[in-house]
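For reference, the structure discussed in these notes is given below.
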Amino acid sequence: MSTPYQFDHNAHCAPLQETYAHLSDGEESGVVVKVAGRVMLMRTQGKLAFATMRDLTGEIQLFAMSAITAEFEEFAKLHLGDWVGVTGEVVRTKRGELSVKVASWERLAEALHNFGDKWAGITDYDLRYRHREADLWANATTRTSLTRRSEVLRSARERCWAANFVEVETPMLNAIPTGAAARPFSTHHNALDSQFFLRIAPELWLKRLVVGGFERVFELGRVFRNEGVSPRHNPEFTMLELYAAYWNYEDMMSFTEELVAGIAMDVLGTTEVTYQGREFSFAAPWPRRTMASLASEAVGEEVSVHTPREHLAKLLSDRGVEVHASWGAGRCLSELFEVTCEENLWNPMFVIDFPVEVSPLSRRRADDPELTERFESYAAGRELSNGFSELIDPVDQRARFEEQARLAAAGDDEAMQIDEDYIKALEWGLPPTAGLGLGMDRLAMLIADESNIREVIAFPTLKPLRD
RNA sequence: GCGCCGGUAGCUCAAUUGGCAGAGCAUUUGACUCUUAAUCAACAGGUUCCGGGUUCAAGUCCCGGCCGGCGCACCA
């Protein structure tokens, strides 16, 4: 059966429901519209048929009568899920349901599979994730969560544009995977006969653009990390990274809290959110606490990056953490913070002043060179963003990279590699600059009130089926 | 990668101690001029994820594999 190549629809369900809310039972509007969508339910009754049709915006009933509907018998045999285009008058039935009284109709496409049980929908995770197109019709929460994600991305972009950040794109195929501590995916370019890695962060490229004179840049894009899959981790995820010349990390924290609160405002109309049954507020300002003070509070004694390394190591092993020989006091303090504090940080908060040992791209604090001007924001027990005053000194940067290379040699497969091109870029002069990386999937989870990252990713990474 | 749990009709789910593999919806056929998950009647629908094993008998017990959920690890 051939189907049309085109259909001129001129109305959507939800606006019709609104426009004709005043029609009383049995009243006819006299207005003919053309609507299109999928048949979700069908109730036939002899020479009448009632279908529930859904489009992007909502649902409306299609009211067919053998007396006035062309090809009535065929209409009554439509399958659940079939796409139809319908021309008819907007009426309200005697029983009060706003309807399009079908004069003529066309089947635009046939659905060979249904969209699950018409009451329970589709619940099987495997089916939902592998065939999101069906899940989207079967489950309203899938539609709202993915829509929220889209709105979060739109809001973030518009707010960056409004703050005079220029949107740029940097390479995803990188000869050296760098800018974060993570294991990369590798691939091969045939014509160049070269190994490439999918980027784990766009950070160094973006700072090179600042060297080049773009004072404010941002990139909203995918990064790839070859690590575990969990309800909070997808191998490819979306990060907003931005850099502002002449700012320090204090400026960037202010921008971050305003940005996130603004996104919540744009998408939800409020900064007060309920996540998994617990409330919190995105409203700025967010508290700023040093890592050392939070860790001290948690362990019940004063600790800092200057606490003897062996004492920090003991506090860690007391808590069941295996301490590696290569860890210095800074790494130990950072680990101590993570095991004692991280998951308790429910309300949005900035954790600041990270040890230089775990921050190879951050600028040292002027008053304490063992610490950096670095922050991470936390909400609902999860890291949401990471930012710092950028290290602009090429000599110090080379020393940091060399330290990373030593860690790599000692078996740390997430340590960074030395990037000579980046050091050369710094030698041309990076002005004082602050940067931010914000995990957009995590933010979308908070906004959409989803506990699994896959619910805010249309097609999450799954193991291919094989046999 | 490790641990726990799960996989039964297209979808949602049953199946007692190891004892004939079932229901609702969808599909097919029929009835019905105001239905709302319409209703009523009937037909059909199965490699119980895959492969071995134990047993008179396996959806159920054992071993291996595949895929998924959750937790841990890694990480954002």
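Naming convention: chains lettered A, B, ... in sequence-line order (proteins, then strands); numbering from 1 in each chain.
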Has [X] got a side-chain N or O lying under 4.0 Å from the OP1 or OP2 atom of [N]?
X: H113(A); N: rA26(B); result: no
X: T123(A); N: rU12(B); result: yes
X: R92(A); N: rC34(B); result: no
X: N452(A); N: rC70(B); result: yes
X: R43(A); N: rC34(B); result: no

Write down the partner of [N] under the Watson-Crick or G-U wobble criteria, each distance required to be under 3.5 Å.
N: rC40(B); value: rG30(B)
N: rG3(B); value: rC70(B)
N: rG45(B); value: none
N: rA23(B); value: rU12(B)
N: rG64(B); value: rC50(B)

Are [X] and [Y] ion-paired here, with the side-chain N under 4.0 Å from a carboxylate O?
X: E390(A); Y: R374(A); value: no
X: R232(A); Y: D441(A); value: no
X: E28(A); Y: K101(A); value: yes
X: D318(A); Y: K314(A); value: yes

- [ ] Would you please determine if the base of rA38(B) is stacked by F50(A), with stacking meaning a centroid separation under 5.5 angstrom and planes under 30 degrees?
- [x] no
Open item on the list: Should W119(A) be counted as stacked on rA37(B), where stacking needs a ring-centre gap under 5.5 Å and an angle between planes under 30 degrees?
Closed with: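 Given the distance and angle limits, yes, they stack.
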Task: T461(A) or R442(A), whichever maps to the more 5' nucleotide of RNA chain B - done: T461(A)
- [ ] Could you say whether L41(A) or D124(A) is positioned toward the 5' end of RNA chain B, judged by the nucleotide with the nearest heavy atom to each?
- [x] D124(A)
Polar pairs (N or O, both sides) under 3.5 Å between protein and nucleotides 31-33 of chain B?
unit_1	atom_1	unit_2	atom_2	d
rC32(B)	N3	G46(A)	N	3.1
rU33(B)	OP2	K47(A)	N	3.2

Say we look at [N] and [M]: how far apart would their [atom1] atoms be, to the nearest angstrom?
N: rC43(B); M: rC34(B); atom1: P; value: 28 Å
N: rG18(B); M: rC61(B); atom1: C1'; value: 8 Å
N: rC56(B); M: rA15(B); atom1: P; value: 28 Å
N: rU8(B); M: rA58(B); atom1: C1'; value: 14 Å
N: rC49(B); M: rA23(B); atom1: C1'; value: 22 Å
N: rG71(B); M: rG53(B); atom1: P; value: 38 Å
N: rU16(B); M: rA21(B); atom1: C1'; value: 15 Å
N: rA37(B); M: rC11(B); atom1: C1'; value: 14 Å

- [ ] May I ask you to check if R38(A) and W137(A) form a cation-pi contact, with NZ or CZ under 6.0 angstrom from the six-membered ring centre and within 45° of the axis?
- [x]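 Flagged: R38(A) positioned over aromatic ring of W137(A).
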Take atom [atom1] of [X] and atom [atom2] of [N], then tell me their distance rounded to the nearest Å.
X: L112(A); N: rU28(B); atom1: CG; atom2: P; answer: 12 Å
X: Q17(A); N: rU36(B); atom1: CD; atom2: C1'; answer: 13 Å
X: M42(A); N: rA37(B); atom1: CE; atom2: P; answer: 15 Å
X: L78(A); N: rA26(B); atom1: CG; atom2: C1'; answer: 15 Å
X: E110(A); N: rU27(B); atom1: CD; atom2: C1'; answer: 12 Å
X: R382(A); N: rA76(B); atom1: CZ; atom2: C1'; answer: 11 Å
X: D117(A); N: rA23(B); atom1: CG; atom2: P; answer: 16 Å
X: R54(A); N: rU36(B); atom1: CZ; atom2: P; answer: 19 Å

Between [options], which nucleotide gets closest to the side-chain atoms of [X]?
X: R183(A); options: rC74(B), rC11(B), rC67(B); value: rC74(B)
X: Y129(A); options: rU36(B), rG69(B), rA76(B); value: rG69(B)
X: I122(A); options: rC11(B), rA76(B), rC34(B); value: rC11(B)
X: I453(A); options: rA38(B), rG71(B), rA76(B); value: rA76(B)
X: S230(A); options: rC34(B), rA73(B), rA38(B); value: rA73(B)
X: K94(A); options: rA76(B), rC34(B), rG10(B); value: rC34(B)
X: L80(A); options: rG68(B), rU27(B), rG71(B); value: rU27(B)
X: K118(A); options: rU12(B), rA38(B), rU27(B); value: rA38(B)
X: R454(A); options: rA76(B), rC34(B), rG69(B); value: rG69(B)
X: P231(A); options: rC11(B), rC70(B), rA37(B); value: rC70(B)

TODO: State, to 0.1 Å, how close S281(A) and N347(A) come at their nearest heavy-atom pair, and which atoms those are.
DONE: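 Closest pair (atom of S281(A), atom of N347(A), distance): N-OD1, 3.8 Å.
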Remember a base hit wins even if backbone is also touched, and classify [X] as base, sugar-phosphate or nothing at under 4.0 Å, heavy atoms.
X: G228(A); answer: base
X: R128(A); answer: nothing
X: Y125(A); answer: sugar-phosphate
X: P464(A); answer: sugar-phosphate
X: N234(A); answer: base
X: G26(A); answer: nothing
X: Q61(A); answer: base

TODO: Taking the six-membered ring for Trp and the full ring for Phe, Tyr or His, determine whether the centres of F185(A) and F196(A) are under 6.0 Å apart.
DONE: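 Judged by ring-centre distance (under 6.0 Å), F185(A) and F196(A) do not meet the cut-off.
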Task: Over 12 foreign heavy atoms within 6.0 Å of CD, E169(A) - done: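 For E169(A), atom CD is not crowded (no more than 12 foreign heavy atoms under 6.0 Å).
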- [ ] Taking atom NE2 of H113(A) as the centre, report whether more than 12 heavy atoms of other residues, nucleotides or ligands fall under 6.0 Å from it.
- [x] no
Task: Under-3.5 Å donor-acceptor pair between D126(A) side chain and rG7(B) base - done: no
Open item on the list: Ignoring hydrogens and geometry beyond distance, is a side-chain donor-acceptor pair present between N248(A) and S389(A) at under 3.5 Å?
Closed with: no
Task: Distance-only polar pair, side chains of S24(A) and E27(A), donor-acceptor under 3.5 Å - done: yes
Open item on the list: Parallel, tilted or perpendicular, judged at 30° and 60°: which one describes the rings of Y275(A) and W346(A)?
Closed with: tilted
